[in-house]
**Q** 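The structure that follows is given in the form of structure tokens.
None of the values given here were measured: they were computed from a predicted structure. Computation of the quantities below employed the complete heavy-atom set of this structure, encompassing side-chain atoms and omitting hydrogens, waters and symmetry-equivalent molecules.
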Amino acid sequence: MPAKKLQQEEFSRFDIRLQRKAADIIKALSSIDYKFLFVMVHTGKRGAAENILADMQAWQKELNEAAIVTNLQTPTRDLPFQVHLASAEDLMEWMRYQASDTVDLDDVEITQYGRIESPYSAYYGMVGGDQIAEWWENYGSQLFSKNIRNLLGPTEVNDSIKITAEKSPHSFWYFNNGITILVKQINPHRRNNIKERDRGLFNFKDVSIINGAQTVSTIGRLAKNHASDTLSDIKVQTRFISVNGSSDHKKDDVGKQITKFNNLQNRVLGRDFASQEPNQLRLRDELIIEGYNYQLLRSDGSQQPDKKTIDIDEALDALACLNKTPTIVTTLKSKRGRFFENLEGSLYKTVFNPNISGVLLINAVTHHRVISKIIASEYDCTDKQNRRRIGVLVHANRVFSSVLLNRVHGLRRSDRLIEPNENEIKESFVTILNKTENHLREKHVNAYPARFFSNVDKVTELYDIIG
């Protein structure tokens with residue numbers, strides 16, 4: 001089966017067009033952030049014989065079992081490996097849908113608005129929550145056709161938006177980042193007073209919300225339980241940007257750039273708030289005494305790393321590995337941002353708490369650095385065709401570090417700085433690497449390393465093997 005050969009990275013069996021994508025496919029297979037859709041297209045009518053559908057479902061189950069998906073009852077759209085059947089009728093319907101998938105917003109009221117004419121025409125100001133709820137009711141997710149992230153589903157961000165909208169609607173403008181909308185055409189109403197911009201009405205053609213999908217969908221869903229006059233108390237800063245002034249060949253590029261950077265810039269991460277957390281400030285002061293600099297704020301990456309400088313991300317890596325709890329280690333591997341989502345939560349306090357001294361932090365980080373260097377060195381000298389070992393070295397790094405850190409004698413209790421014994425660590429590393437490969441070969445020959453080392457049960461099982 002061609003798909004099987006693709007999973008086994010036997011790219012020489014395919015044509016040159018697919019071979020050009022080899023690096024991207026390898027990257028996807030080595031990550032837990034991708035979904036694979038195997039789509040079988042035929043020229044007949046919708047559906048297929050029951051035995052064919054049963055074979056497809058069995059293959060989908062086999063793929064996801066190999067990827068260590070614990071709940072195979074998950075809706076198909078959420079599975080990492082999906083097998084689909086598409087007919088000529090399906091393709092024609094999708095094409096018709098795409099061709100008509102445009103949204104026009106008429107009679108949009110913007111208060112306290114302003115205008116920018118160059119290099120791209122834009123209007124900005126406040127839009128009421130009642131209008132936004134109406135957009136959502138009429139168009140739903142069609143509003144986000146060009147949004148990179150689209151809808152993320154229930155998240156802490158959505159919950160925060162909802163709480164603000166319900167409890168403090170008059171403060172919404174101050175707390176929310178606002179909405180950015182790309183449009184093809186802007187038509188101000190003739191009766192708008194260009195000298196008094198307290199209120200204006202506009203028609204916008206072919207719109208797409210490229211930033212603020214969570215804000216729009218959350219407000220839209222609130223409309224089911226709240227009167228429109230309550231939603232009108234919510235004011236959202238909104239930008240409508242038209243790139244129609246660009247030449248045709250630049251128009252799409254400009255739109256893509258605006259979309260990309262609106263979704264990447266000005267993000268405030270949970271770890272930014274941690275810079276003022278009492279334990280972090282205490283650790284900063286204790287590291288100063290030991291001659292170290294504890295960097296709490298994110299840098300732009302332009303400065304060269306300094307052996308005597310430890311940043312908060314490096315501290316998280318070392319302390320979470322030192323903890324050696326499967327849940328902590330797998331979360332660090334696959335969802336590290338969760339540690340900073342709630343600075344009062346158990347996940348954060350398990351790693352950063354009053355029992356962590358400055359000396360312990362330094363010792364954990366300096367040893368973690370040596371372990372990372374040893375793993376990187378092994379990776380560099382490994383034949384890149386040995387995909388199994390490459391996968392283990394890339395994805396088992398946190399598990400290996402957790403084992404090796406806990407083998408350092410006296411690391412947890414020492415009140416002085418400990419110099420890492422690199423030769424001793426390397427010897428232990430070689431042993432656990434071999435044991436890990438043997439375990440996978442004997443018990444999990446079809447496992448994907450990216451998912452195996454992000455699974456709590458599998459890491460627990462591995463700890464029993466390698467210590």
Side-chain angles (χ1 to χ4, degrees), residues 77 93-111 113-153 155 157-158 161 172-173 176-189 200-223 231 234-267:
R77 66 178 181 275
E93 183 175 316
W94 294 337
M95 291 171 67
R96 285 195 300 270
Y97 175 78
Q98 290 296 325
S100 61
D101 189 20
T102 59
V103 174
D104 298 333
L105 299 179
D106 295 326
D107 298 325
V108 176
E109 181 182 88
I110 309 178
T111 58
Y113 72 92
R115 181 184 181 186
I116 296 175
E117 298 184 23
S118 177
Y120 313 111
S121 177
Y123 283 86
Y124 59 90
M126 292 187 289
V127 174
D130 54 335
Q131 290 188 91
I132 292 172
E134 187 177 325
W135 301 347
W136 174 257
E137 180 181 1
N138 292 337
Y139 299 107
S141 59
Q142 279 183 268
L143 292 163
F144 317 122
S145 60
K146 297 183 180 67
N147 191 301
I148 290 173
R149 291 170 294 181
N150 207 319
L151 295 180
L152 300 177
T155 66
V157 173
N158 297 53
I161 293 171
F172 197 93
W173 184 90
N176 187 266
N177 289 332
I179 301 168
T180 300
I181 305 177
L182 286 186
V183 304
K184 279 196 174 178
Q185 188 176 337
I186 301 175
N187 296 319
H189 281 214
L201 291 176
F202 301 84
N203 294 333
F204 298 104
K205 303 298 182 184
D206 194 0
V207 311
S208 178
I209 296 174
I210 62 166
N211 189 266
Q214 312 312 307
T215 296
V216 172
S217 62
T218 302
I219 291 175
R221 288 167 179 144
L222 284 176
L231 293 174
I234 299 171
K235 303 299 180 185
V236 183
Q237 185 69 17
T238 307
R239 299 186 299 169
F240 298 87
I241 304 173
S242 171
V243 294
N244 249 12
S246 309
S247 59
D248 289 337
H249 70 280
K250 288 185 177 180
K251 196 178 301 179
D252 287 341
D253 289 341
V254 171
K256 288 176 182 177
Q257 282 186 316
I258 293 174
T259 301
K260 175 182 176 181
F261 289 109
N262 266 268
N263 282 277
L264 293 180
Q265 291 185 351
N266 299 321
R267 293 180 300 171

**Q** So does D206 get a backbone contact from the side chain of D104, meaning a donor-acceptor N/O pair under 3.5 Å?
**A**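 Yes: the side chain of D104 pairs with the backbone of D206.
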**Q** How far apart are the closest heavy atoms of S242 and I186, and which atoms are they?
**A**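 Result for this residue pair: CB-CD1, 3.9 Å.
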**Q** Against I181, only a single residue in I210, I241, V103, I209 fulfils side chain to side chain contact (heavy atoms under 4.5 Å, CB included); can you say which?
**A**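 Of all the options given, the one that passes is I209.
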**Q** Show your reasoning for whether side chain to side chain contact (heavy atoms under 4.5 Å, CB included) applies to K205 and D106.
**A** CA-CA 8 Å; K205 303 298 182 184; D106 295 326; 3.6 Å; yes
**Q** I want to check something: taking the side chain as every heavy atom from C-beta on, are W136 and I219 in contact at a cut-off of under 4.5 Å?
**A**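 No, too far: nothing below the 4.5 Å cut-off.
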**Q** Could you tell me whether the side chain of H189 reaches within less than 4.5 Å of the side chain of D107, counting heavy atoms only?
**A**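 A side-chain contact under 4.5 Å exists here.
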**Q** Using 0.5 Å steps for rounding, measure from the OG1 atom of T180 to the CG atom of N211.
**A**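 Reported to 0.5 Å precision, the distance equals 5.0 Å.
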**Q** Any non-hydrogen side-chain atom of I179 less than 4.5 Å from a side-chain atom of I132?
**A**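 Of all side-chain heavy-atom pairs linking I132 with I179, at least one is under 4.5 Å.
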**Q** Which atom pair, heavy atoms only, marks the closest approach of Q237 to M126?
**A**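 Looks like OE1-CG, 3.9 Å.
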**Q** Does the side chain of N176 come within less than 4.5 Å of I161's, by heavy atoms?
**A**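 Yes, side chains in contact.
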**Q** Atom CZ in F240, atom CG in L182: separation rounded to 0.5 Å?
**A**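 Going from CZ on F240 over to CG on L182, the span is 11.5 Å.
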**Q** Taking it one step at a time, do T215 and F172 satisfy side chain to side chain contact (heavy atoms under 4.5 Å, CB included)?
**A** CA-CA 10 Å; T215 296; F172 197 93; 4.0 Å; yes
**Q** Looking only at the aromatic ring of each residue, does the gap between the centers of F202 and Y123 stay below 6.0 angstrom?
**A**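 Yes, the ring centres sit under 6.0 Å apart.
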**Q** Is there a side chain to side chain contact (heavy atoms under 4.5 Å, CB included) between Y139 and V216? Walk through the geometry before answering.
**A** CA-CA 11 Å; Y139 299 107; V216 172; over 6 Å; no
**Q** Assess the residue pair V108 and W135 against the criterion (side chain to side chain contact (heavy atoms under 4.5 Å, CB included)); give the C-alpha distance rounded to whole Å, side-chain angles, the decisive distance to 0.1 Å, and a yes or no.
**A** CA-CA 10 Å; V108 176; W135 301 347; 3.9 Å; yes
**Q** Within the side chain of S217, is there an N or O that forms a donor-acceptor pair under 3.5 Å with the backbone of Q214?
**A**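 Yes, S217 side chain to Q214 backbone: donor-acceptor pair under 3.5 Å.
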**Q** Looking at NZ of K235 and OG1 of T111, how far apart are the two atoms once the value is rounded to the nearest 0.5 Å?
**A**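 That separation rounds to 5.5 Å.
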**Q** Taking CD in Q185 as the centre, count heavy atoms belonging to other residues, nucleotides or ligands within less than 6.0 Å. Is the count above 12?
**A**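 Counting other residues, nucleotides and ligands, CD of Q185 exceeds 12 neighbours.
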**Q** To the nearest 0.5 Å, tell me how far L105 CG sits from Q131 CD.
**A**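 Interatomic distance, L105 CG to Q131 CD, rounded to 0.5 Å: 9.0 Å.
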**Q** Let me confirm one number: the CG-CD distance from D130 to E109, rounded to the nearest 0.5 Å.
**A**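 Spacing of CG (D130) from CD (E109) equals 8.0 Å.
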**Q** Measure across G178 and V236 and return the closest heavy-atom pair with its distance rounded to 0.1 Å.
**A**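 Where G178 meets V236 most closely, the heavy atoms are CA-CG1, 4.1 Å.
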